[in-house]
There are 2 protein chains.
Amino acid sequence: MRPQKVQDEQMLNGLMAVMRAKGYDGASLKELSEATGLKKASLYHRFSGGKKDMASAVLAHLEGIVNTHIYKVLTDESRPHTERLGKVISGINDMYKGGLETCMYRSLSLDSGISLFGDQIKQGIDLWINSFISFGMDRGMSRKEATQKANQTFIEIQGSLVLSKSIGSTQPFADVLKAIRKRYE
Amino acid sequence: MRPQKVQDEQMLNGLMAVMRAKGYDGASLKELSEATGLKKASLYHRFSGGKKDMASAVLAHLEGIVNTHIYKVLTDESRPHTERLGKVISGINDMYKGGLETCMYRSLSLDSGISLFGDQIKQGIDLWINSFISFGMDRGMSRKEATQKANQTFIEIQGSLVLSKSIGSTQPFADVLKAIRKRYE
DNA sequence: GTCTATATAATGATAGAC
DNA sequence: GTCTATCATTATATAGAC
């Protein structure tokens, strides 16, 4: 077989960047092609289902990232709680470029995205929240308290990203990360 | 002049519903036409600047809604604090249909929307947050504390709407409204 | 596996009759 | 002010050469 011009990971990063910024409807094949360095026909060769398949692959890729940078870190019982917490917060900060980047789940949460990928979105968010529930219970919280705090954590991150983007300042996001650290330490 | 087939308010409601659900890129003239009951050419007659003008008019209309249901209520010194608070929370609950509806500002906050309407979005959100800052100071908080709580309020509403939409449950939004009531009473 | 070229449908937008 | 008909452009998607 002929070798891939662009490796999967690099291609997925390109697809992800465009879809995160433009949403599903706004992400055109033209832009996806430019961002990945592959011509439209080549993308169709790799994704026989077209743009739907690309978005689905992006969400699967993202779930892998959540798994690596959140779930695995928070449930790594070989490391102390404070170390896990610091690592996960720094990971989240990187994920959103300090508050400059939108959340992929939010970009794909308009009607078209929800109806096409609702299950995948829910699954990714569940993984995220469940990671924090496990961590909270591991820290001695009741299931109820851990669930409440995990939801609050997710809500604050999403909300602060909306606010940061809207007012053009990363301050709300940075403040929220501080509050989350305090919540769990 | 020939009378309008559809009144401004009704037309704006139709435009708003589609743009809120689909975002700017996803809102096609076809859908906007169907939702308003006006043919495409009629919409262009009313909005010479095309779709951009429609979105801009929707944002202006929305700012009016925020002004009426949030700013004016929270700063109405002729009524007691608890009454203002109850009224504004019930208004917010209605605005988002109890957590079922997305926030317009979020739908238009993808790249295309931000670059076209960033200033209008920021202005609407500022009005929202400043209303809560005024209310908090009116309740005796320092400016710093009132600002922090107003930001937190906005963040929680936005975040809970994202979460509610994603997991298909209005519970997070309802919980957040309760927490906000408690924060100010 | 990637490409150029092309097919086909949908989009935002206008022209001109009523 | 609203409409039907149409334009030019862009969109998603495919065919077939290399």
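Lettering follows sequence order; numbering is per chain, from 1.
A rotation axis mapping the C1' atoms of four pairs onto the next four is fitted at both ends of the helix from C:dG1-D:dC18 to C:dC18-D:dG1 over five pairs, and the angle between these axes is 0° to 10 degrees.
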Review point. Where do B:Phe135 and B:Tyr184 land on the ring-ring contact (aromatic ring centres under 6.0 Å, His included) test, with the steps shown first?
Key: CA-CA 9 Å; B:Phe135 184 66; B:Tyr184 286 100; 5.7 Å; yes
Point to revise | Residue pair A:Met11, A:Leu43: steps toward the side chain to side chain contact (heavy atoms under 4.5 Å, CB included) verdict | key: CA-CA 9 Å; A:Met11 176 186 64; A:Leu43 285 174; 4.3 Å; yes
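Residue A:Ser42 is classed as a base contact, given a heavy-atom separation below 4.0 Å to a base.
The distance from atom CZ of B:Phe47 to atom P of D:dG1 is 12 Å, rounded to the nearest whole Å. Nucleotide C:dT11 holds its P atom 15 Å from the CG atom of A:Leu29, rounded to whole Å. The distance from atom OH of B:Tyr44 to atom C1' of D:dT2 is 16 Å, rounded to the nearest whole Å. B:Lys22 places its NZ atom 14 Å from the C1' atom of C:dT11, with the value rounded to the nearest Å. Atom CG in B:Asp25 sits about 14 Å away from atom P in D:dT10, given to the nearest Å. Taking atom CG of residue A:Leu43 and atom C1' of nucleotide D:dA15, one finds them 17 Å apart after rounding to whole Å. The NZ-C1' distance, from A:Lys52 to D:dA13, rounds to 11 Å in whole Å. In this entry the distance linking NZ of B:Lys39 with P of D:dT4 reads 5 Å, nearest Å.
With a 6.0 Å radius and a threshold of 12 heavy atoms from other residues, nucleotides or ligands, A:Tyr71 has its OH atom at or below the threshold.
Between B:Phe47 and B:Lys52, every side-chain heavy-atom pair lies at or beyond the 4.5 Å cut-off. By the 4.5 Å heavy-atom criterion applied to side chains, B:Val66 and B:Met104 are not counted as neighbours.
Here A:Tyr44 pairs with nothing under the ring-ring contact (aromatic ring centres under 6.0 Å, His included) rule; sequence neighbours left out.
The residue among A:Lys40 and A:His45 whose nearest nucleotide of DNA chain C is located toward the 5' end is A:His45. Along DNA chain D, the nucleotide closest to A:Glu31 and the one closest to A:Ser48 are compared, and the more 5′ of them pairs with A:Glu31.
Using a 4.0 Å cut-off between a side-chain N of Lys or Arg and a carboxylate O of Asp or Glu, B:Lys87 and B:Asp76 do not qualify as a salt bridge.
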Polar atom pairs between nucleotides 16-18 of chain D and protein, under 3.5 Å, N or O only, would you list them?
none

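A sub-4.0 Å separation between OP1 or OP2 of D:dG1 and a side-chain N or O of B:Lys5 is absent.
Distance from the side chain of B:Lys30 is smallest for C:dT11 among the nucleotides C:dG1, C:dT11, D:dT12.
Under the 3.5 Å distance criterion, with hydrogens and angles disregarded, a donor-acceptor pair is assigned to the side chains of A:Glu156 and A:Gln152.
At least one test fails for A:Lys149 against the ring of A:Phe132: distance under 6.0 Å to the centre or angle within 45° of the axis.
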